[in-house]
Amino acid sequence: MSDLRKGPFHLTNTLTRRKEEFIPLRPPHVGLYVCGPTVYSDVHLGNVRSFLTFDVLYRWLTHLGYKVRYVRNITDVGHLVDDIDEGEDKIAKRARLERLEPMEIVQKYTNGFHDVMRLFNILPPSIEPTATGHLIEQIEMVKRIIDSGFGYEANGSVYFDVPRFSEHHAYGELSGRRIDELLANTRDTEGMAEKRSPLDFAIWKKADPIHLMKWPSPWGEGFPGWHLECSAMSTKYLGRTFDIHGGGMDLKFPHHECEIAQSVAADGIAPVRYWMHGNMLTVNGRKMAKSEGNGFTPEELLTGNHKLLEKGYGAMTVRFFMLQCHYASTLDFSNAAMQAAEKGLERMMAALSTLDKLRATGSDDAGVAALEQRCYDAMNDDLNTPVMIAELFEGVRLVNSIHDGKIAIDPNGLDRLRTLFRTLTNDVLGLRQEQRPDTDDRTLDAMVQEFIRMRAEAKARKDFATSDRLRDQLASWGIILKDTKEGTSWERA
RNA sequence: GGUCGCGUGGCCGAGUGGCUAGGCACAGCUCUGCAAAAGCUGCUACUGCGGUUCGAAUCCGCACGCGACCUCCA
């Protein structure tokens, strides 16, 4: 944990709405829970942003030396489509539409989700539990809630008694809601006859005979309520109280508010010490969402085959683009911003490989120690990736200047610079060279190298007409040559 | 309607009561046979109107504009 000396880590706790020093319950262990996807359709770029935010958190905590148990669930049952009482399970609905067994839907979109996570270099969690795999834990939790007096059964379903709970505990603390205001804003209570209050939410739902996904329980055949799985599974793997719970801003209410209420009701203790919420990705100022129809899938992003996309963009470009904005701010997607990110990432990755060629000839560290400290300060200040990236660009300038012989650095400084750069860009930010199938193609590379050789020969005999013709020919195929002291390299336009 | 948040230079986006990120774009210069790449230099912004202060983009109030949540959503 030597890195912890570089300063305390602060993060914004959305429960207190303040930036707080992060002190784990049982150092060096950290318990982290993040709400995962509901696997009934393809993930879109907005989802990716959220998982990316917590990926960086996970990477940073790990880098600081903490032993992180990172739990991110797969929701494979429980979300209703329409109204609270009349709705159909999302996965069951999808299964009906696609004429598949519900678990086929679950598997299909879970696989897709994992593919996307890999594409964006988002690390897998330590545990990835599913709701259907934890029915017993959920049923037990419902029992505890009933026993504590905050749950009641009605016609085979079990509801959480919000008004009663709020008489004893602070319901609405996380999202800043007041129960009387919530009641005043309640819409029509049609079809909610079973519930004592419109604010109550289902923790167990009775399944009608044709329902596809259902399990036996003390209250009859049914399925767990939507908020329950996170509470049950976080308790199982991280304990009744754990360090950090993350999720998208849009889950704050009611999902996370309900989680708190359930845990307090069942176990008598607040489940989470630090709540973290990532902000939304927007398109033309509007939240990217399935329901808005303004989302696109990673595949469309890569191919550029979508009306919002002027061209295709690599996964690493997107990752870099997102990291240039603080996680708590909204980020607007635009082609101009993506193209700027593409250029910036290229420059940074180029510096990373230039680093290998540098030689230490100086007598001091050229400011590397100070640069390192600024990078750590930025990350320790609520994961301020945009500021750290700004510092890294100062590092890029330093690398290039050393390469050009304009600045000298001593061996220790160079070592430190290499370690710093590789660690922060690869391990912490999770950036790597964009996977460009074309440039990885050995045949293509061999062909281009032959052109480069022919051009070098032409240049050697000052036949610039020929050398330029070769270069222009490559350019017309989208291959750009770059002459350096070490020779000529190439890249895709 | 209720709650919360935002409004920064051509674009994207950080940010602290005073010293005023970074990327992209643009312009000039250096290097180079030319170009690209790289380096250097320039471009000095903070919605409007009041107020607090020696001093505010940063604090307070009002106005305007935008968004999120209040129903599933990362």
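What you see below is based on every heavy atom in this structure, not just the backbone, and it leaves out hydrogens, waters and symmetry mates. Throughout, protein chains are lettered first and strands after them, A, B, ... in sequence-line order, and every chain is numbered starting at 1.
- Within 4.0 Å of A:Ala390, counting heavy atoms only, lies at least one base atom of the nucleic acid.
- Between A:Phe393 and A:Ala289, it is A:Phe393 whose nearest contact on RNA chain B lies nearer the 5' terminus.
- Remark: B:C29 base-pairs with B:G39; criterion is Watson-Crick or G-U wobble with both hydrogen-bond distances under 3.5 Å.
- A:Asp332 comes within contact range of the sugar-phosphate backbone alone, with a heavy-atom separation under 4.0 Å but no base atom that close.
- In this entry B:U20 has no Watson-Crick or G-U wobble partner, no candidate having both defining distances under 3.5 Å.
- A:Leu345 comes within 4.0 angstrom of no nucleic acid atom, judged by non-hydrogen atoms across all strands.
- Listed pair A:Lys252 / B:A74 fails the phosphate criterion, with no side-chain N or O lying under 4.0 Å from OP1 or OP2.
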Per-nucleotide protein contact string for nucleotides 35-42 of chain B (B base, S sugar-phosphate only, - none; heavy atom under 4.0 Å) | BBSSSS--
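- Across all strands shown, A:Glu394 has heavy atoms under 4.0 Å from sugar-phosphate atoms exclusively, and none from any base.
- Taking the six-membered ring for Trp and thresholds of 30 and 60 degrees, A:Phe333 and A:Phe296 have ring planes more than 60 degrees apart, a perpendicular arrangement.
- Aromatic ring orientation, A:His211 versus A:Phe223: parallel (interplanar angle below 30°, classes split at 30° and 60°).
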Could you check A:Asp381 against A:Lys19 for salt bridge (Lys or Arg N to Asp or Glu O under 4.0 Å), going step by step and ending with a plain yes or no?
-> CA-CA 9 Å; A:Asp381 183 15; A:Lys19 220 181 267 186; 2.8 Å; yes
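- By the criterion of a centre-to-centre distance under 5.5 Å and near-parallel planes under 30°, the ring of A:Phe464 forms a stack with the base of B:G33.
- Nucleotide B:C46 forms a pair with no other nucleotide shown, judged by Watson-Crick or G-U wobble geometry with both contacts under 3.5 Å.
- Comparing the same atom, C1', in B:A36 and in B:C73 gives a spacing of 46 Å after rounding to whole Å.
- Relative ring orientation between A:Trp477 and A:Phe451 is described as perpendicular, the plane-to-plane angle rising above 60° on a 0-90° scale split at 30° and 60°.
- For B:C6, the paired nucleotide is B:G65, the pair qualifying as Watson-Crick or G-U wobble because both relevant distances are below 3.5 Å.
- Within 4.0 Å (heavy atoms only), A:Lys287 reaches at least one base atom of the nucleic acid.
- Using a 4.0 Å heavy-atom distance criterion, A:Met288 is classed as a base contact.
- Taking the six-membered ring for Trp and thresholds of 30 and 60 degrees, A:His245 and A:Tyr33 have ring planes inclined between 30 and 60 degrees apart.
- Comparing the P positions of B:A25 and B:G67 gives an interatomic distance of 30 Å, to the nearest angstrom.
- With P as the reference atom, B:U58 and B:G2 are 26 Å apart, rounded to whole Å.
- Atom name P, nucleotides B:U47 and B:C11: the rounded distance is 13 Å, in whole Å.
- Remark: the separation of the C1' atoms in B:A37 and B:A56 is 42 Å, to the nearest Å.
- The phosphate of B:C6 has neither OP1 nor OP2 within less than 4.0 Å of any side-chain N or O from A:Ser329.
- For the C1' atoms, the distance from B:G18 to B:C59 is 14 Å, rounded to whole Å.
- Within 4.0 Å (heavy atoms only), A:Met280 reaches at least one base atom of the nucleic acid.
- Going from the C1' atom of B:U20 to that of B:C29 covers 26 Å, rounded to whole Å.
- Backbone-only engagement by A:Gly247 is indicated by non-hydrogen atom pairs under 4.0 Å involving sugar-phosphate atoms exclusively.
- Taking atom CG of A:Asp250 as the reference point, atom P of B:C70 lies 8 Å away to the nearest angstrom.
- Between A:Glu310 and A:Gln339, the closest side-chain pair of non-hydrogen atoms falls below 4.5 Å.
- Base pairing analysis places B:A14 opposite nothing; no Watson-Crick or G-U wobble pair with both distances below 3.5 Å involves it.
- Among the atoms of the strands shown, none is found under 4.0 Å from any heavy atom of A:His277.
- Phosphate contact (OP1/OP2 of B:C69, side-chain N/O of A:Arg177, threshold under 4.0 Å): absent.
- Closest contact between the side chain of A:Phe253 and the listed nucleotides B:C70, B:C11, B:A14 involves B:C70.
- Rounded to whole Å, the C1' atom of B:C43 lies 8 Å from the corresponding atom of B:C26.
- Neither side chain, A:His306 nor A:Glu299, offers a donor N or O lying under 3.5 Å from an acceptor on the other.
- In summary, the side chains of A:His277 and A:Thr14 do present a donor paired with an acceptor at a separation below 3.5 Å, with no hydrogens or angles considered.
- Aromatic ring orientation, A:His256 versus A:Trp275: tilted (interplanar angle from 30° to 60°).
- Backbone-only engagement by A:Asn384 is indicated by non-hydrogen atom pairs under 4.0 Å involving sugar-phosphate atoms exclusively.
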